[in-house]
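Sharing a structure, written as structure tokens. Questions coming.
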Amino acid sequence: MHRNNTTPTTCKGQGGIFFPKPQNAITIAVSSRVLFNMDKEQQIYEQKGMEDYLKYQIEHETEPFGPGPAFPFVKALEAVNTRLRELYPESEELFDVVLMTNNHAHVGLRLINTINHHRLFIERFCMTGGNSPIGYLKAYHTNLYLSADPMKVREALEEGIAAATMFNPPEKRTEVSETQLRVAFDGDAVLFSDESERIFKAHGLDKFFEHEKAHENTLLDHGPLKGFLESLGKLQKKFYAKGQRMDCPIRTYLVTARSAASSGTRALKTLRSWGLDTDEALFLAGAPKGPMLEKIRPHIFFDDQMFHVEGAAELGTVAAHVPYGVAQKWPQKKLAEENAKDSSAATKYSVPHHLPYPCDSKGQ
């Protein structure tokens, strides 16, 4: 594919598929440990060291790894790309998945064999041999980084790169769509800053409601995953432009512990000001998120608090932890106790609301 006779705009990969330049794509960097199940290999590394780990990988390089927690998400990205290529054959605005791993290059053959076995369209590899991936993430203009290593995720967030930690998939994983990518986001400290959450943690629920009411016309600052939602919205609009609003293969959700009447206004006004919407907004007023996520069946759910991540996983949802904001400074047990205590108090002000956006009312 060429813009002229001398300057290629894409790289050609397996099956004649063209891959866009990083600066034009929506780049999703995934570590090998979240894309594939490498638990046994990780155990060998931790118990016996690097040399035995490399020896094992080489001896088993013809044996493909099984799917990991990010596998269905990546397959859904590819389904969206298929639709985009049908509508826009010349466009480079596509998802581009980069395998970002700190593995040694010796492990590369097994990873390649696994990708071919599962028929994944991943051509870009970055095997850092134990070095930090941050510089490479920046070079690839990464829009989202998913890893099993919380330290690397924190390092990426500190550099302004949207990132989240993924864990082993639930034992009874909820079946997800193969044709529609579904992504669910928490609000505070994920899409938005942790400003309001700081008020809640420091002064309690009543002060939080007072603060939100007084500042309902003051926009929230952006959080670490705002840019990723923006990227998803950009691709959604490409489908809308072709008359496929009702059949869009991307659907987004806001799933927040906020109450709709008491603190939802500020969140929705902030999204509108950014020119963004989620397709559905669920204001749970402190109720558990797991049961709602079980109904949504997202490929991935992002939250800044581990007890929400664990609660989602218990009911089969693949959830990713965004270690950002004031919640990271609190012991998780204490956070869970505070959340349970304030859940009942929140019902004094509101009940859970599920607010689907009609397909014809999306923001510009």
Side-chain angles (χ1 to χ4, degrees), residues 13-14 17 19-20 22 25-39 41-42 64-81 94-105 107-108 110-157 159 161-169 173 176 181-185 224-225 227-228 231-232 250 298-302 309 317-323:
Q14 56 179 309
I17 295 295
F19 292 84
I26 295 173
T27 301
I28 311 297
V30 295
S31 75
S32 54
R33 284 173 56 202
V34 300
L35 183 57
F36 303 122
N37 185 337
M38 300 179 67
D39 289 349
E41 291 75 13
Q42 183 68 14
F65 296 113
F71 189 91
F73 174 65
V74 169
K75 291 292 287 184
L77 299 179
E78 293 185 350
V80 174
N81 276 357
L94 301 163
F95 290 113
D96 188 18
V97 178
V98 177
L99 187 64
M100 188 72 61
T101 173
N102 64 352
N103 269 299
H104 192 280
V107 185
R110 191 176 184 192
L111 290 171
I112 291 171
N113 290 336
T114 300
I115 284 171
N116 289 334
H117 172 80
H118 292 292
R119 298 182 179 181
L120 296 173
F121 295 104
I122 300 176
E123 294 286 0
R124 305 194 203 276
F125 278 39
C126 206
M127 292 173 280
T128 68
N131 289 334
S132 170
I134 299 302
Y136 302 105
L137 292 172
K138 290 183 173 180
Y140 275 110
H141 303 270
T142 301
N143 298 90
L144 177 67
Y145 173 49
L146 300 174
S147 173
D149 187 334
M151 295 300 293
K152 288 187 174 65
V153 167
R154 288 190 179 93
E155 189 179 357
L157 288 170
E159 293 295 325
I161 298 167
T165 309
M166 298 193 77
F167 308 92
N168 286 336
R173 190 188 305 186
V176 293
L181 170 66
R182 299 177 186 175
V183 183
F185 301 87
L225 265 67
F228 180 53
S231 297
L232 294 177
I250 302 172
H299 292 87
I300 191 168
F301 167 59
F302 297 99
V309 171
T317 296
V318 173
H321 181 230
V322 182

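We number each residue from 1, following the sequence as shown. Computed over heavy atoms, backbone and side chain alike; hydrogens, waters and symmetry mates excluded.
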Under a plain distance cut-off of 3.5 Å, with no hydrogens placed, do D149 and S31 share a side-chain donor-acceptor pair?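 No, because no side-chain N or O of S31 sits under 3.5 Å from a partner of the opposite role on D149.
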Could you pull out the closest heavy-atom pair between H299 and F73, with the gap in Å? CB-CA, 4.0 Å
Non-hydrogen atoms of A156 and L137 that approach each other most closely: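 Minimum heavy-atom contact is CB-CD1, 4.3 Å.
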Can you tell me how far CD1 of I161 sits from NZ of K152, rounded to the nearest 0.5 angstrom?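 The CD1 atom of I161 is 13.5 Å from NZ of K152, to the nearest 0.5 Å.
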Do the side chain of S32 and the main chain of T101 share a donor and acceptor less than 3.5 angstrom apart?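 Between the backbone of T101 and the side chain of S32 there is no qualifying donor-acceptor contact (under 3.5 Å).
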F125 CZ: over 12 foreign heavy atoms closer than 6.0 Å: yes
For S147 against V34, the heavy-atom pair lying closest together: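 Result for this residue pair: C-CG1, 3.5 Å.
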What is the distance from atom CG of N168 to atom CZ of R33, rounded to the nearest 0.5 Å?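 Here the rounded value is 8.5 Å.
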Any side-chain heavy-atom pair from F95 and V80 closer than 4.5 angstrom? yes
Please work out whether the ring planes of H118 and F71 are parallel, tilted or perpendicular, with thresholds of 30° and 60°.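 Answer is perpendicular, since the angle exceeds 60°.
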Mind checking whether V176 and V318 have side chains closer than 4.5 Å, heavy atoms only?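 They are not in contact (no side-chain heavy atoms under 4.5 Å apart), so the answer is no.
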Value rounded to 0.5 Å, distance of CZ in F65 from CE in M38: 4.0 Å
Would a 4.5 Å heavy-atom cut-off, applied to side chains only, mark D96 and I26 as touching?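 A side-chain contact is absent here, since even the closest heavy-atom pair is not under 4.5 Å.
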Would you indicate whether the side-chain heavy atoms of L35 and V97 approach each other to under 4.5 Å?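 No, side chains not in contact.
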Side chains of E41 and R110 in contact at under 4.5 Å (non-hydrogen atoms):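 When only atoms from C-beta onward are counted, R110 and E41 do touch, with a gap below 4.5 Å.
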In terms of the angle between their ring planes, are F185 and F302 parallel, tilted or perpendicular, with boundaries placed at 30° and 60°? parallel
Taking atom CG of L111 and atom CG of N116, what is their separation to the nearest 0.5 Å?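 It is 11.0 Å, given to the nearest 0.5 Å.
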What's the spacing between I122 CD1 and I28 CD1 if we round to 0.5 Å?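 Between I122 CD1 and I28 CD1, I get 11.5 Å after rounding to 0.5 Å.
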Please report the closest heavy-atom contact between P224 and L157, naming both atoms and the distance.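 Between these two residues, the closest heavy atoms are CB-CD2, 3.7 Å.
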Kindly indicate whether the side chain of L77, heavy atoms from C-beta on, has any atom under 4.5 Å from the side chain of N81. no
What is the minimum heavy-atom distance between F167 and P69, and which atoms define it?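 So the minimum-distance heavy-atom pair works out to O-CG, 3.0 Å.
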Just so I know, are the side chains of V98 and Y136 near enough to count as touching, which here means a heavy-atom distance under 4.5 Å? no
Given 3.5 Å as the limit, does a donor-acceptor pair link the side chain of E78 with the main chain of F121, or not? yes
Is any side-chain heavy atom of T317 closer than 4.5 Å to a side-chain heavy atom of P298? yes
Using every non-hydrogen atom in the two residues, find where R173 and P72 come nearest and quote the distance to one decimal. NH1-CG, 2.9 Å
In Å, rounded to the nearest 0.5 Å, how long is the span from CG of L144 to CD1 of I300? 6.5 Å
